[in-house]
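I am attaching a structure below and will ask some questions about it afterwards.
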Amino acid sequence: MVAIIKNDIWKRFIFFVTVLLIMLIPVSGVSAESERDWMTNEEFLERLSEIVDASDGKVETDVAGYSTQGNEVISARIGTGGQVLLITGSIHGNEKSGGEALIEILEYLGTSDSSFAQSVRDEVTIVAIPRYNVDGLEIPQRQNIFPWEEVISTYPHLEGATPAWYYNERNGGFDLNRDFNADLNYEVVAEDLPGHTNDFGFFITNESQLLRNLYLELQDEFGHVEAYADIHHMGTPVMNKTGEDVTIAIDYPPLGPDDSTKYDDYPLLDQDRSKRYALAAALGVKEFSEKEEPGVAQYIHFQERDFPGQARSAFALNGTATVLFEMPGQQPQFGYDQDLVDRVENGLWGIISHMADGSIDNLNGDDFLTEIPRYWTNNITDMRDVMVRFTEEEQFKNDSDARLVDNHLATLEIYENQENSEKMVKHLNGFKVLLENQRENKLIGQEAYNRLNSDINLLLERWENKPYTNANILLEGWENNLID
C-alpha cells in the first residue's frame, strides 16, 4: 500500500488537499444542521428536492419503481461520464447511513463549480437509490413488508409452495439482499422454493425487481455497469490485534472459495477488479478524512462464504465490480453519527475519485487482502493475533494458562501450513477440550472463550471437508447480526 500511496505522490497530495478544502466550504443553503436525527422519508424527499433545484439541472431524480406497499422508490443521477457507478443505501431498513452520505455527495457534486466536481461529472455517471427499502426504513426493520399471503395473491402459481428461505414470517417480509439472481431474466417458479442460503434468490419483491430493471437500463445505455456500491450496517466488532473499534468494514463479492467451479458459467466475474474498488474505498476513508482512521477493516470473508443471492453477487457475476460497506451499529439502537456518515462518504469518494482520474486500474487488488486488516479469523495466525490481545487484556487467570493456549495454537499453525487435515481436526478437537476445561475452572475470560471456541468451530468445518452448504449455515450463525 505504501507503494500505491507514494505513486505520483505530489499529484495525489495536491488533489486530495484541494478536494478537502473545497468540501469544507458550504456550497449551497441546503446543508443539514450538525446535530440531527436520521432523516425521515419526508425529510429526505424535501432535501433532495432542494438539491435538485439548487443544482441547475445537474442532479436529476426519477421514480425507479414502487415498493411492495406502493411507495415511491427514488433514484438520483448526476454526471455525464462513460463510467457508471450504481449505489444503494438502506437495502435493509435498519441501516440508514447510506442515504445520509449520498445526499451529501449529491449536494456537493450538484452545486459545486470546483474543478474536482467538474472532473467527476465529466468522467463518471453516478446513479443512486439512497433509500432503497422505504417500507422497512419507516419501522425500522431489516426486511421489507410483503406477507406471504400477499405473495400468493401476487403469484397464484406459488400456492402451496414453501416460503423462500429468506422470508421472515415474524416481520412479514423478505431480506431484500437475498432476493437477487445472476439470471436477470429469472421469474420465480414454485419448484425452486424454498431455496437455500447458497442459492440464487428469486426476484419475488418489487424492490429487487426495480433495482434489477435499473441495472438492465444502465447496461443498455452504457453497455456495461462499471461498479456497484452497497451500503450496510453490522454489529460493533473490534480489531483483532488492537481491540480498537472497527469503524468501517469493506468487502468484495462473497462467492465461495477461489478454487470453486460453481461459477465457471459466469466468465464476466472479475474478483480482482472488485478488490481494486474495495481498496479504493478503504484508501478513500483514510485519505479524505481529517483524522487518523485506524478502524478500517476487511469485512468477514471466509473462503467458504458463498451468498449468490445478494445484489452485489448477482451484479458481479454479470461483470460489475462490486463493493460492500458495513458500518457499525444498526438502527434504532444507534442514533445519528456524523463521523460514521463521513466515513461512508469518504469511502465513496475514494471509489469516485479513482474512477474519475483513471487510477482505479493502477491499484493492486491483492493489497486489499494484505494491507487492510481483518477483525475475524480466517486461519490460526489470526487466532494467535487475537491471543496476544487477550493476554494483554488479562483474559487468562495467569500467564501459564495463556501460554498453554498459545502453544497449542503454534502446533496447529504448523499443521495448517502443512495442509495436514487429519492433524488439524485432531488438534482442533483437542483445543476445544482444553478451552472447555479452562472455562469450567474459571481460568479464561468469557470473551476469550467465546471467540476462540467460535473460531475453532469454523476451522473444524473447513478441515473436516464438510459441504459448503453446511459451512454457510455455520457462518451465518457465527456472524449473527454482523451479516450484510
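We use all heavy atoms of the structure for the numbers below, so side chains are in, but hydrogens, waters and symmetry mates are not.
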Handout entry: Parallel, tilted or perpendicular: rings of W376 and F302 (30°, 60°)
Key =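 If you compare the ring of F302 with that of W376, the planes turn out perpendicular.
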
Exercise for the section: Please examine the side chains of R451 and T377, heavy atoms only from C-beta on, and report whether any two atoms are closer than 4.5 Å. Expected result: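 Side-chain contact under 4.5 Å: yes.
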
Problem - Test item: V323 and D230 side chains (from C-beta on) under 4.5 Å apart, heavy atoms - result: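 No - every pair of side-chain heavy atoms lies 4.5 Å or more apart.
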
Exercise for the section: Step by step, work out the side-chain hydrogen bond (donor to acceptor under 3.5 Å, both in side chains) result for R305 and N198. Expected result: CA-CA 9 Å; R305 200 164 188 270; N198 62 341; over 6 Å; no

Handout entry: Partner set under salt bridge (Lys or Arg N to Asp or Glu O under 4.0 Å) for R131, not counting sequence neighbours
Key =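 E138.
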
Problem - Partner of F334 by side chain to side chain contact (heavy atoms under 4.5 Å, CB included), out of L340, N94, T236 - result: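 Among L340, N94, T236, the one meeting side chain to side chain contact (heavy atoms under 4.5 Å, CB included) with F334 is T236.
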
Practice task
Establish, for the pair K275 and Y252, whether the NZ or CZ atom is under 6.0 angstrom from the six-membered ring centre and no further than 45 degrees off its axis.
Solution key: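 Verdict for Y252: a cation-pi partner in K275.
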
Exercise for the section: Assert yes or no for the condition that the ring centre distance of H92 to H233 is strictly below 6.0 Å. Expected result: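 Ring-ring flag for H92/H233: false, centres at least 6.0 Å apart.
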
Practice task
Could you check if a side-chain atom of L214 sits within less than 4.5 angstrom of a side-chain atom of I129, using non-hydrogen atoms only?
Solution key: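 Yes. Closest side-chain heavy atoms under 4.5 Å.
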
Handout entry: Over all atoms of both residues, closest heavy-atom pair of S97 and V344
Key =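 Looking at all heavy atoms of both residues, the shortest contact is OG-CG2, 3.6 Å.
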
Problem - Residues which pass side chain to side chain donor-acceptor pair (under 3.5 Å) with E42, listed by chain and number, not counting sequence neighbours - result: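 With neighbours one apart ignored, the set is empty.
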
Exercise for the section: State, without any angle test, whether Q118 and D122 hold a side-chain donor-acceptor pair at a distance under 3.5 Å. Expected result: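 D122 and Q118 do have a side-chain donor-acceptor pair below 3.5 Å.
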
Handout entry: Lys/Arg N to Asp/Glu carboxylate O, R47 vs E107, below 4.0 Å
Key =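 Between E107 and R47 there is a salt bridge, with a charged N closer than 4.0 Å to a carboxylate O.
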
Exercise for the section: Take Y375 and V238, measure what side-chain contact (heavy atoms from CB on, under 4.5 Å) needs, and give me the verdict at the end. Expected result: CA-CA 6 Å; Y375 63 88; V238 298; over 6 Å; no

Handout entry: salt bridge (charged side-chain N to carboxylate O under 4.0 Å, His left out) between R273 and E226, intermediate numbers included
Key = CA-CA 10 Å; R273 193 155 63 92; E226 176 63 24; 3.0 Å; yes

Practice task
Could you walk me through whether N71 and Y66 pass side-chain hydrogen bond (donor to acceptor under 3.5 Å, both in side chains), step by step?
Solution key: CA-CA 5 Å; N71 292 309; Y66 294 85; over 6 Å; no

Practice task
Could you tell me whether the side chains of D342 and Q338 share a donor-acceptor contact shorter than 3.5 Å?
Solution key: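 Present: a donor and an acceptor within the cut-off.
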
Problem - Nearest heavy-atom neighbours spanning P294 and M239 - result: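 Minimum heavy-atom separation between P294 and M239: O-CE, 3.9 Å.
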
Handout entry: Side-chain heavy atoms of Q310 within contact of P254, under 4.5 Å
Key =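 Q310 reaches P254 side chain to side chain.
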
Practice task
Taking atom types as modelled, find out whether D135 and S67 have a side-chain donor-acceptor pair closer than 3.5 angstrom.
Solution key: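 The answer is yes; a qualifying pair exists.
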
Practice task
Measure the shortest side-chain to side-chain distance between F325 and R343 over non-hydrogen atoms and say whether it is less than 4.5 angstrom.
Solution key: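 They are not in contact (no side-chain heavy atoms under 4.5 Å apart), so the answer is no.
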
Handout entry: Ring centres under 6.0 angstrom apart (F180, F203)
Key =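 Yes, the ring centres sit under 6.0 Å apart.
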
Problem - Rounded distance (nearest 0.5 Å) linking atom OH of Y336 with atom NZ of K96 - result: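 If we round to the nearest 0.5 Å, Y336:OH and K96:NZ are 12.5 Å apart.
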
Handout entry: Parallel, tilted or perpendicular, as decided by the 30° and 60° cut-offs, for the rings of F146 and F174
Key =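 Tilted: the ring planes of F174 and F146 meet at 30° to 60°.
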
Please tabulate, for side-chain N and O atoms in residues 75-82, each donor-acceptor pair with protein atoms closer than 3.5 Å (sequence neighbours left out).
unit_1 : atom_1 : unit_2 : atom_2 : d
R77    : NH1    : E221   : OE1    : 3.0
R77    : NH2    : E221   : OE2    : 2.5
T80    : OG1    : R121   : O      : 3.3

Practice task
Just jot down the side chain to side chain donor-acceptor pair (under 3.5 Å) partners of N133, sequence neighbours excluded, or say none.
Solution key: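 Once residues adjacent in sequence are excluded, N133 has no partner under the side chain to side chain donor-acceptor pair (under 3.5 Å) criterion.
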
Exercise for the section: Verify whether the ring centers belonging to Y108 and W349 lie closer than 6.0 Å. Expected result: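 Ring-ring flag for Y108/W349: true, centres closer than 6.0 Å.
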
Problem - Salt bridge R312-D251, side-chain N to carboxylate O under 4.0 Å - result: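 Yes, charged N to carboxylate O under 4.0 Å.
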
Problem - is_close_aromatic(Y215, F315), centroid dist under 6.0 Å - result: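 Yes, ring centres under 6.0 Å apart.
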
Handout entry: Side-chain H-bond candidate by donor/acceptor type, S112 with S114, under 3.5 Å
Key =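 A donor-acceptor contact under 3.5 Å links the two side chains.
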
Problem - D367 bridged to R276 by N-O distance under 4.0 Å - result: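 Salt bridge between D367 and R276, a charged N being under 4.0 Å from a carboxylate O: no.
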
Problem - Donor-acceptor pair, side chain of S274 and main chain of Q271, under 3.5 angstrom - result: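 Checked: no pair found.
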
Practice task
Quick one: list whatever passes salt bridge (Lys or Arg N to Asp or Glu O under 4.0 Å) with D382, sequence neighbours left out.
Solution key: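 Partners of D382 by the salt bridge (Lys or Arg N to Asp or Glu O under 4.0 Å) criterion, ordered by chain and then number, come out as R374.
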
Exercise for the section: Please name all residues satisfying salt bridge (Lys or Arg N to Asp or Glu O under 4.0 Å) with E447, sequence neighbours left out, ordered by chain then number. Expected result: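 So E447 forms a salt bridge (Lys or Arg N to Asp or Glu O under 4.0 Å) with R389.
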
